[in-house]
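A short worksheet on the structure shown next.
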Amino acid sequence: MIKNEAMKIVSQQEIAASIYELTLSGSLVSEMNQPGQFVHIKTGNGYEPLLRRPISISSIDKENNTFTMVYRAEGKGTSLLSQETNDTEIDVLGPLGNGFTPEAAISGGTTLLVGGGIGVPPLYELSKRLTKLGVNVIHVLGFQNAATVFYEEKFQALGETYITTVDGSHGTKGFVTDVIDKLSDSYTTIFACGPTPMLRALESAYKETKEVFLSLEERMGCGIGACFACVCHTAEDPTGFHYKKVCSDGPVFRAGEVVL
Amino acid sequence: MNMLNIKLPGLDLKNPIMPASGCFGFGKEFGNLYDLNILGAMMVKATTPEPRFGNPTPRVAETSSGMLNAIGLQNPGLKHVLKDELPWLNQFNVPIIANIAGSQVEDYVTVAGEISRASNVKALELNISCPNVKEGGITFGTDPDVARKVTEAVKAVSEVPVYVKLSPNVTNIVEMAQAVEAGGADGLTMINTLMGMRLDMKTGKPILANKTGGLSGPAIKPVAIRMIYEVSQAVTIPIIGMGGIMTAEDVIEFFYAGASAVAVGTANFTDPFVCPKIIEELPVLLKKLGYNHISECTGRSWNKHEQFANHRA
């Protein structure tokens with residue numbers, strides 16, 4: 001169920017250039033059941049910024065009633081959020097959307113997790129769930145440069161991990177697809193989150209041969225499906241009036257379900 | 001004692017707070033968050049004869065204390081609204097104000113004739129002010145003669161009172177209000193969004209795919225207050241006020257300007273529980289200000305104070 005709660009900051013730290021890891025505590029955590037869902041955060045006090053900020057959940061700790069987000073402080077809202085300190089209360093609405101279904105992967109089989117930039121965080125909770133289900137995971141994570149790489153060791157602890165950077169300052173130079181093209185074809189399922197061109201490339205290359213699930217990003221208004229800001233066409237009716245809402249039908253869709 | 005009940009043409013409101021059209025869908029999403037029965041009324045999403053996808057994305061862009069939207073009247077079309085959305089809303093004891101839109105007069109007439117016969121639709125809101133569609137919408141809302149004619153046409157077929165939603169994108173709002181009053185409007189709702197634009201810092205290009213969009217949120221509240229202040233003195237039909245309401249204090253200010261009820265729009269995105277919060281806070285605020293009933297606040301900005309001498313016990 002979607003709840004609204006003033007959640008307390010347990011910790012916040014900059015883990016890469018302008019990339020912050022924020023852990024919040026509160027009873028809302030008991031509602032978080034799926035990796036890939038997101039929360040809608042009110043940043044700052046007053047009317048500016050006016051709208052909430054959708055941020056994906058990167059890990060859930062039910063025992064301690066906490067969850068963690070990793071976000072990039074880029075605009076006004078996320079910059080304000082990054083300045084908040086321990087014990088401050090943050091206005092959280094969530095959990096929102098339909099996330100990844102780890103059950104879609106085959107236990108004992110191998111699954112590929114592909115993340116680009118700030119699309120990497122939700123894959124962390126997903127990878128934890130998958131490994132618990134006995135799924136072998138391979139991570140391919142793309143970043144701009146070495147300064148913005150995060151969670152490399154955390155992912156390595158769960159499975160094989162490849163890093164790419166656009167400028168080649170860390171890992172393989174290039175895009176995630178440069179690594180994936182050279183991987184052995186052992187995986188049956190792909191879960192991905194990142195920029196739309198990356199998702200498009202994965203969809204066109206693997207839609208026919210693998211089970212592919214993509215987490216989309218779009219500018220949002222309400223975050224709960226009421227305002228129709230974040231709609232996309234369905235693949236069956238690419239120019240008609242049938243639609244899916246990224247916030248409430250997604251953000252995760254099966255490849256081929258919606259027009260990217 | 002009920003300090004908030006209001007009677008308007010077609011509408012018996014337990015309180016004068018309702019979500020604004022386009023910010024609340026057809027209620028389902030917010031119905032998951034709280035009991036919609038607490039609302040005074042509900043202005044549901046604009047309905048056109050045929051389904052519409054609306055504009056390409058991005059459809060929203062944030063601005064200083066506001067936001068631009070260019071949804072483009074996305075809706076499932078009249079048939080679906082009559083078959084699915086309105087029957088679902090029947091479970092609530094809340095009058096529905098059906099927002100109707102189109103690209104030609106015939107569209108408005110088609111939707112009005114059918115939707116006004118739904119049992120829970122107690123009034124229509126004639127959307128002649130959407131700035132985000134190429135045809136119709138705002139073109140009906142900026143020319144007084146055209147606005148009067150479409151009002152007359154809808155009045156002729158509607159089974160319920162007709163409220164006309166006015167656009168602020170005009171030079172003379174009073175002239176527009178008087179024109180639709182002459183056309184038979186039973187009430188006004190105002191204001192729709194102000195046309196605006198935002199450009200991307202890196203590319204220099206518009207952020208919205210539609211290039212322009214409608215500005216809403218607290219940034220436009222002073223414009224709404226001024227326009228309601230002017231219009232309420234120049235017409236005899238009631239006004240449902242809207243434009244940047246975030247708090248119970250804002251509601252009182254709209255009443256002072258001349259509104260008899262209000263709609264809350266963009267604030268639902270910032271705080272999805274804003275309507276129940278305002279409904280809870282209003283009686284407390286009214287008491288603090290020395291009023292017995294919210295209707296005592298209407299038009300206080302221009303009315304002679306003696307007429308309100310009874311507002312203190």
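- Here the closest heavy-atom approach between residue B/Asp271 and residue A/Arg52 is recorded as CA-NH2, 4.3 Å.
- For B/Pro58, the parts sitting under 4.5 Å from any heavy atom of chain A are the backbone and the side chain alike.
- Taking SG of A/Cys222 as the start and CG of B/Asn268 as the end, the distance is 9.0 Å to the nearest 0.5 Å.
- Shortest non-hydrogen contact noted between A/Glu218 and B/Thr57 is OE1-OG1, 3.1 Å.
- The heavy-atom pair separating A/Arg219 from B/Ala61 by the smallest distance is NH1-CA, 4.1 Å.
- Nearest heavy-atom pair across A/Ile224 and B/Glu29 is O-CG, 3.1 Å.
- Ranked by heavy-atom pairs under 4.5 Å with chain B, the list A/Cys230, A/Ala229, A/Cys232 is led by A/Ala229.
- Looking at B/Phe273, only its side chain comes within 4.5 Å of chain A, counting heavy atoms on both sides.
- Using a 4.5 Å heavy-atom cutoff, the side chains of A/Met220 and B/Val60 are not in contact.
- Taken from CZ in A/Phe228 to CZ in B/Arg59, the straight-line distance is 8.5 Å, to the nearest 0.5 Å.
- Using a 4.5 Å heavy-atom threshold, the side chains of B/Arg52 and A/Phe241 count as separate.
- Of the atoms belonging to B/Asn32, it is backbone heavy atoms, and not side-chain ones, that fall under 4.5 Å from chain A.
- A/Leu50 is not listed as a side-chain neighbour of B/Phe269, based on a closest heavy-atom distance of 4.5 Å or more.
- Between B/Glu62 and A/Arg53 there is a salt bridge, with a side-chain nitrogen of the basic residue lying less than 4.0 Å from a carboxylate oxygen of the acidic one.
- Using a 4.5 Å cut-off between heavy atoms, A/His233 contacts chain B through both its backbone and its side chain.
- Atoms CG and OG1, from A/Asp91 and B/Thr270 in turn, are 10.0 Å apart once rounded to the nearest 0.5 Å.
- Nearest heavy atoms, A/Ala226 versus B/Cys23: CB-O, 4.4 Å.
- Heavy-atom distances place the side chain of B/Lys45, and not its backbone, under 4.5 Å from chain A.
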